[in-house]
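Here is the structure we will look at, set down as structure tokens.
Atom set for the values below is all heavy atoms of this structure, side chains included, hydrogens, waters and symmetry mates excluded.
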Amino acid sequence: MSTTPPCPQCTLENTYPDGANFVCADCGFEWAAGETSAAGDDARVVRDANGTVLQDGDAVVLIKDLKVKGSSTTLKQGTKVKSIRLVGDGDHEVDCKMDVGNYMLKACFLKKA
């Protein structure tokens with residue numbers, strides 16, 4: 001049984017001590033050994049493909065063509081999406097409205113505009 005706490009960002013238990021800090025081997029997040037995140041479970045940090053933190057209302061750009069499952073629609077690279085909304089459930093972190101419809105996207109395919 002390990003005495004290191006799970007990562008407050010990705011909630012995985014693959015962490016290790018590094019001096020006065022803990023480091024998550026999966027996502028690379030570092031935090032102080034005595035620091036406990038009071039809002040860590042509720043407030044999830046969502047980062048884009050470049051590592052920039054995204055917030056509700058940000059504008060983002062698609063960095064890759066994305067095929068929509070169950071449809072012949074393709075979301076094209078370079079498409080700008082305004083006023084995103086972050087959601088906490090599931091593996092798709094961003095909810096957005098485009099001209100072609102409403103979609104939930106993974107943040108790894110977006111960059112902040």
Side-chain angles (χ1 to χ4, degrees):
M1 199 78 166
S2 177
T3 59
T4 59
C7 177
Q9 183 170 350
C10 69
T11 67
L12 297 176
E13 296 180 2
N14 192 11
T15 59
Y16 60 91
D18 183 27
N21 293 332
F22 287 112
V23 179
C24 178
D26 294 312
C27 70
F29 184 70
E30 294 185 27
W31 71 99
E35 178 182 318
T36 56
S37 176
D41 296 335
D42 298 335
R44 196 169 116 188
V45 176
V46 177
R47 297 181 185 272
D48 68 358
N50 296 329
T52 306
V53 176
L54 296 175
Q55 298 177 349
D56 286 339
D58 282 346
V60 295
V61 176
L62 295 175
I63 63 167
K64 174 181 176 176
D65 285 353
L66 300 175
K67 294 182 180 178
V68 179
K69 280 189 177 180
S71 172
S72 62
T73 305
T74 301
L75 304 176
K76 295 293 183 182
Q77 176 183 356
T79 302
K80 186 173 183 178
V81 181
K82 298 178 185 177
S83 188
I84 64 169
R85 188 171 62 98
L86 302 179
V87 293
D89 55 340
D91 60 345
H92 293 76
E93 302 99 355
V94 177
D95 188 18
C96 61
K97 191 180 290 188
M98 299 180 174
D99 294 338
V100 292
N102 297 335
Y103 294 100
M104 292 188 73
L105 303 171
K106 291 185 177 186
C108 63
F109 299 119
L110 306 172
K111 71 175 182 178
K112 192 170 183 177

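- With sequence neighbours left out, Asp56 forms a salt bridge (charged side-chain N to carboxylate O under 4.0 Å, His left out) with no residue at all.
- For the residue pair Cys7 and Cys27, the shortest heavy atom distance occurs at SG-SG, 3.7 Å.
- Nearest heavy-atom pair across Asn21 and Ala32 is OD1-CA, 3.4 Å.
- Residue pairs that meet the side chain to side chain donor-acceptor pair (under 3.5 Å) test with at least one member in residues 61-75, sequence neighbours left out, are Ser71-Thr73.
- The CZ atom of Arg47 sits 9.5 Å away from atom CG of Leu54, with the distance rounded to the nearest 0.5 Å.
- Here the side chain of Asp48 pairs a donor or acceptor atom with the backbone of Asn50 at under 3.5 angstrom.
- Taking every heavy atom of both residues into account, Thr15 and Pro6 meet most closely at CG2-C, 4.2 Å.
- Looking at Glu93, its side chain never comes within 3.5 Å of a backbone N or O of Val46 through a donor-acceptor pair.
- Minimum heavy-atom separation, Phe22 to Pro17: CD2-CA, 3.8 Å.
- With contacts defined as side-chain heavy-atom distances shorter than 4.5 Å, the pair Leu62/Leu105 qualifies.
- No path of Ile, Leu, Val, Met, Phe, Trp and Tyr side chains, each step under 4.5 Å between heavy atoms, connects Tyr103 with Val87, placing them in separate hydrophobic clusters.
- Counting only heavy atoms from C-beta outward, the side chains of Val61 and Leu110 never approach each other to under 4.5 Å.
- With sequence neighbours excluded, the residues satisfying salt bridge (charged side-chain N to carboxylate O under 4.0 Å, His left out) with Arg85 are Asp95.
- Linking Ile, Leu, Val, Met, Phe, Trp and Tyr whenever their side-chain heavy atoms come within less than 4.5 Å leaves Met104 and Val60 in two separate clusters.
- Atoms CD1 and NZ, on Ile84 and Lys97 in that order, are 14.5 Å from each other to the nearest 0.5 Å.
- Hydrophobic cluster membership is shared by Met98 and Val94, with clusters built from Ile, Leu, Val, Met, Phe, Trp and Tyr side chains linked at under 4.5 angstrom.
- In terms of the side-chain contact (heavy atoms from CB on, under 4.5 Å) criterion, residue partners of Asp18 (sequence neighbours excluded) are, by chain and number, Tyr16, Val23.
- Applying the salt bridge (Lys or Arg N to Asp or Glu O under 4.0 Å) rule to pairs touching residues 99-113 yields Asp58-Lys112, Asp91-Lys106, sequence neighbours excluded.
- Residues passing the ring-ring contact (aromatic ring centres under 6.0 Å, His included) test with Phe109: none are found, sequence neighbours excluded.
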